[in-house]
Number of protein chains: 2
Amino acid sequence: MSKDGGILARYAMTLETLAAAPDGLSLMEVVQATGLPRGTAHRLLGALRGIGYIVPRDGRKIYVLGPRLLRLLHLGVAPAAVSSLVQPMLEALVARFKETAFVAKLVGADVKSVAMVVPESDGQSFVQPGRVMPVHAAASAKAILAFQDEALIDEVLSRPRTRYTENTRVGEAELRADLEQVRRQGFALCDEELDPGVLSYACPVHLEGAGVLYSIGLVGLSRRLGDHPQSEVVAILRAAAEEFSKSLPSGLHRPVIGEVPAVPEERSG
Amino acid sequence: MSKDGGILARYAMTLETLAAAPDGLSLMEVVQATGLPRGTAHRLLGALRGIGYIVPRDGRKIYVLGPRLLRLLHLGVAPAAVSSLVQPMLEALVARFKETAFVAKLVGADVKSVAMVVPESDGQSFVQPGRVMPVHAAASAKAILAFQDEALIDEVLSRPRTRYTENTRVGEAELRADLEQVRRQGFALCDEELDPGVLSYACPVHLEGAGVLYSIGLVGLSRRLGDHPQSEVVAILRAAAEEFSKSLPSGLHRPVIGEVPAVPEERSG
DNA sequence: GCTGATAATTCCGTTTTATGGAACTTTGTT
DNA sequence: AACAAAGTTCCATAAAACGGAATTATCAGC
């Protein structure tokens, strides 16, 4: 059977066929579109479903691209690519709070700031997109890390931590508690943990089906930013995160509502 | 030795390992990160490279995610997601020409309009969002189709074609010549081929490494739109296409050389 | 340039898995 | 209920993956 590509060629073809179909495809539609034999197409779809690259929609016979693939694609996108998307949102935040607004992204096991807008009033505080945020002392990093899987969290927490200020939290148990709190509350807060006198908030950006890869936040002097009620800041950041999420090429064609019951069947073996 | 996942599990693992490494990984790094045997990892990387999912960087021994994955991302993006992005650009075009401006996207083997802005003066429009543009009689469709691969062009040209006006081109040879001209000139022009008295221009949007999936164009009455010199219309549409391309999340992680200036300490959180 | 270590690549006999046509089961329709 | 169409399972055959070992390329340091 050796056509041109290798064994993966037909998987890739199948994925692209599904990607091109806004509402998903049934087995027979895939067969027609790809020219694969029925049994073969069925097996390929099963294998793709097995690794979460595609997902059955609604009932069980219509397939769409799945969350795992979406996440992979997001991870692969260069940070700079999103900066133009979020610029207007960040500017709106700055206009609202007169503080620096920024977006951070998970890159490998680091969290990097990828876009930032600074209020005109304090021009001295310049921006360094690409800066790696310390995971234990930056709200932006905690907001993202809290929603990663255990393996990544373990890896991150196994690294050495600098005590930047007397507020910096360096104990592993402390930090795990922080992350738990972030998960519960839906936002992260760093109060002079990185720089003295500086306060920062960050909200995770939940990508539909792809988990959390970005956070959006505010930084400013505790004296000023602290004047705003926490609930107000968080509410507005949450709204911005939601808007950001929607503006990203997140959603695949159809909302993947149903949960993915990870590896439901493993029979016949 | 069939572990839990299927045969694809290790490919997925490899892709995710690479996705987590913005600067790419060598074979041995992949081996270390995944625990795969050397020979196996080498073979997997070769297969992934064979289908364009990963790409060797610089020399030949560092692998990063490839353009074909990026294309998958764009294909999977719901058309509505881009409309907010292009709205400002379309409005600028409308302000400039006082004609309807729109963006079309390749969806499967069809070209659909996904966003448009109509000049206030005339409430009438010739394009509605979601409308499938006939591939043989719409500049927007030709601008996209011209840059697809032969298989897709063949498929599209094998379908029946309606003769909308006496200018409509239905002959296969004619249409192939049209596409060739689009490739040469970098834009498509339909002069009363779809609706009598209506002229339309469209330029392809070239996505970095992902080919052409969108076009951006103008439609209007021949009498009015025809008054503008073709070179002027095309130049401005080209500029808009370029701007659009840059605003999209194109670009996978790049062989960025000037990496992390590693600023010692600065404020932020 | 020589040399020694490390990474990359190729080899190849063995074993596992994919393959796809056909048979079978489920689903949906008149 | 009967029929048609889609979905699923079966299975002998053929093909490809497998991975350890051997080979070649790459690159230090001398």
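Proteins come first, then strands; the chains are lettered A, B, ... in the order of their sequence lines, and each starts at number 1. What's counted below: heavy atoms across the whole structure, side chains too, no hydrogens, waters or symmetry copies.
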Pair listing, salt bridge (Lys or Arg N to Asp or Glu O under 4.0 Å) test, anchored in residues 133-142 of chain A, at least two apart: A:K142-A:D178, A:K142-A:E193

Integer-rounded Å distance: D:dA15 C1' and A:R10 CZ: 11 Å

A:S113 backbone acceptor or donor facing A:R131 side chain under 3.5 Å: no

Side chain to side chain contact (heavy atoms under 4.5 Å, CB included) against B:R163, all qualifying residues, sequence neighbours excluded: B:T168, B:V170

For B:Q32, side chain to side chain contact (heavy atoms under 4.5 Å, CB included) partners two or more places apart: none

Helical bend (five base pairs per end, nearest 10°) for the helix from C:dG1-D:dC30 to C:dT30-D:dA1: 50°

D:dA16 OP1/OP2 closer than 4.0 Å to side-chain N/O of B:R43: no

Atom-to-atom span, NZ of B:K61 to P of D:dT24 - whole angstrom: 16 Å

Between D:dT24 (C1') and B:R38 (CZ): distance, integer Å: 13 Å

Residue pairs passing the salt bridge (Lys or Arg N to Asp or Glu O under 4.0 Å) test where at least one lies in residues 25-46 of chain B, sequence neighbours excluded: none

Under the side chain to side chain contact (heavy atoms under 4.5 Å, CB included) test, residues paired with B:A20 that sit two or more places apart: none

N/O (side chain, B:T40) to phosphate O (OP1/OP2, D:dG19) under 4.0 Å: yes

Integer-rounded Å distance: D:dG19 C1' and B:L44 CG: 11 Å

Contact under 4.0 Å: B:H42 side-chain N or O vs C:dA8 OP1/OP2: no

Pairs involving residues 11-50 of chain B, ordered by first then second residue, that meet ring pair (Phe, Tyr, Trp, His ring centres under 6.0 Å) (sequence neighbours left out): none

Nearest-angstrom distance from the residue atom CG of B:L45 to P of D:dA17: 14 Å

Value in whole Å for how far the P atom of D:dT26 lies from CG of B:L27: 14 Å

Any residue meeting side chain to side chain contact (heavy atoms under 4.5 Å, CB included) with B:E172, in chain and number order, not counting sequence neighbours: B:L157, B:R161, B:R176

DNA chain D contacts among residues 28-36 of chain B, heavy-atom distance under 4.0 Å: none

